[in-house]
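Below is one structure, written out as structure tokens; the observations come after it.
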Amino acid sequence: MSSTDNKESVLPARRRARAGEGIGVLLLRRLRDGIITLLLVVAVIFVLAHVVGDPALVFSPVDASDEEVERIARAFGLDRPFWERFGSYFADIFTGDFGESWWQNRPALAAVAEALPNTIYLTLAGIAGAALTGIVGGVFAGSRPGSLFDRGSNFFSISALSVPNFWLGLLFIVIFSVQLGWFPTSGMFGVSSIVLPALTIAVVHGGRVFQLVRSATVEEMSKPYVRVARSKGFPHRMVLWRHVLRNTGLTTATIAGWEYVRLWGGAVFAIEWVFAWPGIGTLTINAAERQDFFVLQAAVIIAGVFVIVSNLVVDLLYRVIDNRIKSS
Amino acid sequence: MPYRVVASERRVGSPPIRRRLQGLLEKRGWWLFALFLSLMAAWAIFPGVFAPYDANYLNPRNRLISPGGASPEGSHIAGTDGLGVDLFSQMVEGARLTLMIAVVATLLGAAIGVTVGMLAGYFGGVVDRMLMRLGEAQTAMPMFLVAILLLSLLGPSVTILIIVLPTLVWPIFARVVRAETLQIKQATYIEAAVATGCPTSVVLYRHVLPNVVPRILVLFVVEIGHVMLAEAGLSFLGVGVQPPDITWGLLIAEGRPLLTVAWWLTILPGVLLSVTVLSLNILSRRFEQYAGAAA
Amino acid sequence: MSALLEVKDLSVSFETRGGVVRAVDGLSFSLGAGESLGIVGESGSGKTVSSLSILRLFGLFDDVSVSGKILFEGRDLLRVSEAELSRIRGGKIGMVFQDPLTSLNPVMPVGEQVAESIRFHTGASRPQAHRRAVEMLDRVGIPDANKRCEELPHSFSGGMRQRVMVAIALACEPKLLIADEPTTALDVTVQAQVLLLLDELRREMGIALIMITHDFGVVAATADRVLVMYAAQPMEHCSIHHLFQRANHPYTEGLLRLVPRFEHQVHGRLHPIEGQPPALTEEIVGCPFAPRCSFTLDRCKQERPPLFRIGPDHESACWLAAERAERETLPDKPWKAV
């Protein structure tokens with residue numbers, strides 16, 4: 001017997017829309033939540049830089065001389081009272097002034113803006129692979145729980161979840177680049193260079209999509225209407241396509257959407273670093289090595305905005321489609 | 001039993017012996033993983049017993065011996081690194097810090113999460129909304145990037161890592177415990193305890209907490225794995241554990257420049273890490289079934 | 001006359017974590033075309049599993065062993081191929097389930113849920129099937145059927161949904177209808193309507209019926225014959241008249257005493273049967289009812305009583321019945337176990 005045959009619904013409670021709430025209200029509520037989140041993050045960054053650390057040192061290059069540090073402290077008005085600094089900091093951030101990168105000699109925002117499309121490109125390619133394998137596998141496994149395919153793919157997906165993503169990337173490099181020479185080891189040149197990083201994402205995140213889709217399918221297959229559909233004489237395949245997928249389709253698509261958001265939570269950045277993919281992850285880690293605070297800060301905030309927006313889009317799409325199904 | 005399988009919804013006529021073997025593997029297979037975890041724990045506690053060489057002893061003449069090869073000083077099952085240090089000994093040595101960071105950080109995260117979840121679930125209202133909003137806000141952020149920012153500002157060290165890692169896991173504990181607490185709160189025996197004048201702290205500690213424990217345990221085991229992966233990731237990116245300390249994640253990072261000439265330096269520590277996390281995942285599933293059957 | 005459905009020595013067991021559960025143990029009965037049989041028993045007596053076995057509709061996780069024969073129009077349903085079973089399910093045998101609230105697909109218009117079955121079994125075109133579905137919905141008493149067939153199940157009440165279920169089950173004019181507690185989840189007033197509808201339609205269309213229920217009232221309203229089950233085994237099998245006038249088995253008598261009737265008002269209370277039914281995970285020696293029976297003989301505890309023919313249209317699995325019958329009639333003819 002499978003471990004998931006009597007689990008509660010796959011959808012976390014907060015994702016289930018409040019009853020009778022309009023799309024507009026949902027949009028506003030989520031926007032408010034997102035802005036609060038962002039404010040929190042900006043505040044945390046400020047506190048870290050100004051209270052925990054010495055801001056003058058934080059803002060200076062690693063190899064700066066004492067005079068330079070002092071000059072920077074004056075330039076940033078670090079002698080001003082705390083609240084004044086706090087206020088002007090927020091004003092800067094929300095007018096899009098994220099500071100100047102001394103490493104790249106240009107505004108930090110420009111460096112991040114250049115990297116952002118590459119990360120989006122990689123995440124989309126990766127999530128496409130993850131959704132395809134996870135959904136197809138999950139539906140087939142969940143529709144015949146306990147079958148050989150189910151047990152095999154279930155074990156494979158747990159393994160995929162247990163593997164460090166960056167290490168899997170390295171393993172793929174050893175096998176497909178070093179040994180077989182099929183793909184470049186790193187960088188972003190043409191289509192072939194995206195194969196390995198996207199495959200890495202597809203395996204790890206496909207594993208989670210698989211798990212969620214599988215339990216959603218199992219849950220749905222255990223509902224009485226499925227037995228009714230079987231009592232009509234429909235073969236397994238037809239029961240699955242006509243009835244079960246019609247019910248789980250939206251949930252399944254949403255699972256893939258959340259997984260996309262989750263990808264931004266961290267996974268993609270280490271993978272970028274492994275493949276030297278010129279995205280936000282690689283930029284951030286290089287900035288961290290060089291102690292370039294402004295690039296780090298800009299990357300965190302911009303990626304945060306992106307996560308919040310994608311989250312919003314997934315939730316809204318879910319609601320819109322759900323309403324359309326319900327009212328048709 | 002006089003009954004035989006003549007028709008069933010699943011494939012008819014799976015031979016009973018094969019089925020019995022399958023059942024045995026599925027029911028008892030988790031033992032293998034438990035055994036593996038115990039071995040890792042043993043490595044962590046008594047590295048001296050298992051490590052054939054000193055993990056700090058380097059001899060450039062023995063550099064880059066591939067797995068299974070031997071040097072004048074003896075055999076190297078997992079090969080040696082660019083400085084001639086035995087990789088197997090380093091992996092044994094790395095178990096201690098890898099496991100320690102993961103367990104301690106998860107414990108901290110669980111402590112915070114359980115407290116927050118219980119308070120939020122029990123008191124509800126404003127407390128609930130504030131605490132849960134905080135958790136939600138956090139899950140909606142690229143926390144990995146935030147962690148990198150934190151660690152690079154504060155300067156990477158094991159202590160800072162143990163402070164930063166719990167922030168990644170506490171919301172999960174809080175969410176689960178809150179949901180459970182909300183349910184338990186409805187129970188008649190809680191009402192009875194409150195009605196007989198039991199102080200809130202006692203109600204929470206004596207009545208609510210014990211009921212949440214099975215779920216927490218299951219979650220705890222899974223989250224150790226997640227924290228382990230996060231630590232490995234941060235160490236791999238250079239903002240986690242710093243040499244001369246050793247963790248498996250750091251070993252992967254150190255082997256990376258030699259990836260094309262000495263694959264084992266990156267691949268083998270990763271295998272160890274993966275199997276450990278896999279064991280944790282499998283065991284937690286086992287616990288879950290057990291707890292589910294008991295409930 | 002050859003029977004439409006003949007169940008011979010059907011046994012069903014499930015392998016669960018708690019051990020092997022014997023859900024049906026040696027059940028035999030037959031049903032002619034157009035006849036109706038009520039199977040009565042407490043929950044856990046094996047009546048639902050028996051009905052599901054006929055169509056092999058076991059659950060996704062069930063590990064089932066089945067033995068015996070279920071002959072439908074001469075073919076053994078336990079051994080026919082999936083493809084053949086597929087034609088019989090919904091085509092020749094329709095089924096109505098217990099819970100109308102969850103038995104309909106929540107995201108499919110009800111008309112389509114009726115029509116899809118018609119299309120599958122008759123190969124009718126989409127518009128043809130749709131017309132037939134509307135007719136059928138009209139026939140089961142859905143008002144405004146040609147409009148409401150476009151609606152999703154959630155806009156229907158429980159009783160209306162059960163009517164839709166009846167329409168689905170009867171859509172392809174089956175030979176046999178199996179109704180598994182079709183009215184249990186409904187309000188009392190609605191129960192009567194649905195029962196009446198079921199009975200009326202099946203008589204009109206000449207469909208045989210197996211009515212699974214725990215309610216003697218339902219049996220009285222719909223069945224010609226009754227089979228009483230207890231602890232996975234058949235206890236008594238008789239015509240509906242015998243049941244209420246000459247119930248033989250002590251278990252049946254006990255059950256009947258539980259039906260509140262005006263006569264009993266004299267005594268002022270109901271008489272529950274003492275004790276609990278046996279666990280189905282354990283081997284049952286002798287008569288399963290023996291521990292709770294007030295007429296237990298020594299033999300009851302050692303040997304399982306077969307179904308004895310004790311009169312025309314009347315069988316009872318009780319040693320007492322066998323003895324009584326032996327003394328009263330035909331001492332020279334040995335009693336045939338059925």
Main-chain N/O of Lys232(A) paired to His121(C) side chain as donor or acceptor, under 3.5 Å: yes

Proximal component of Pro109(C), with respect to chain A [non-hydrogen, under 4.5 Å]: side chain

Short N-O contact, Arg230(A) and Glu82(C), less than 4.0 angstrom: no

Heavy-atom neighbours of Phe176(A) CZ exceed 12 at 6.0 Å: yes

Per-residue contacts, residues 157-165 of chain C versus chain A, heavy atoms under 4.5 Å: Met165(C)

Contact origin within Ile168(C) toward chain A - heavy atom pairs under 4.5 Å: side chain

Engaged part of Leu52(C) at the chain A interface, taking heavy atoms whose separation is under 4.5 Å: side chain

Residue pair Arg227(A) / Phe58(C): nearest heavy atoms and the distance that separates them: NH2-C, 3.7 Å

Neighbour count >12 (heavy atoms, 6.0 Å) for atom CZ, Phe306(A): yes

Partner chain A: residue of Arg87(C), Gln98(C), Glu116(C) with the largest heavy-atom pair count (under 4.5 Å): Glu116(C)

Rounded distance [0.5 Å steps], NZ in Lys223(A) versus OG in Ser103(C): 12.5 Å

Crowding at CZ, Arg237(A) (>12 non-hydrogen neighbours, <6.0 Å): no

Donor-acceptor under 3.5 Å (Ser86(C) side chain, Gly233(A) main chain): yes

Part of Asn105(C) lying under 4.5 Å from any heavy atom of chain A: both

Tyr225(A) vs Thr102(C) side-chain heavy atoms within contact, under 4.5 Å: no

4.5 Å side-chain heavy-atom contact, Arg242(A) and Gln113(C): no

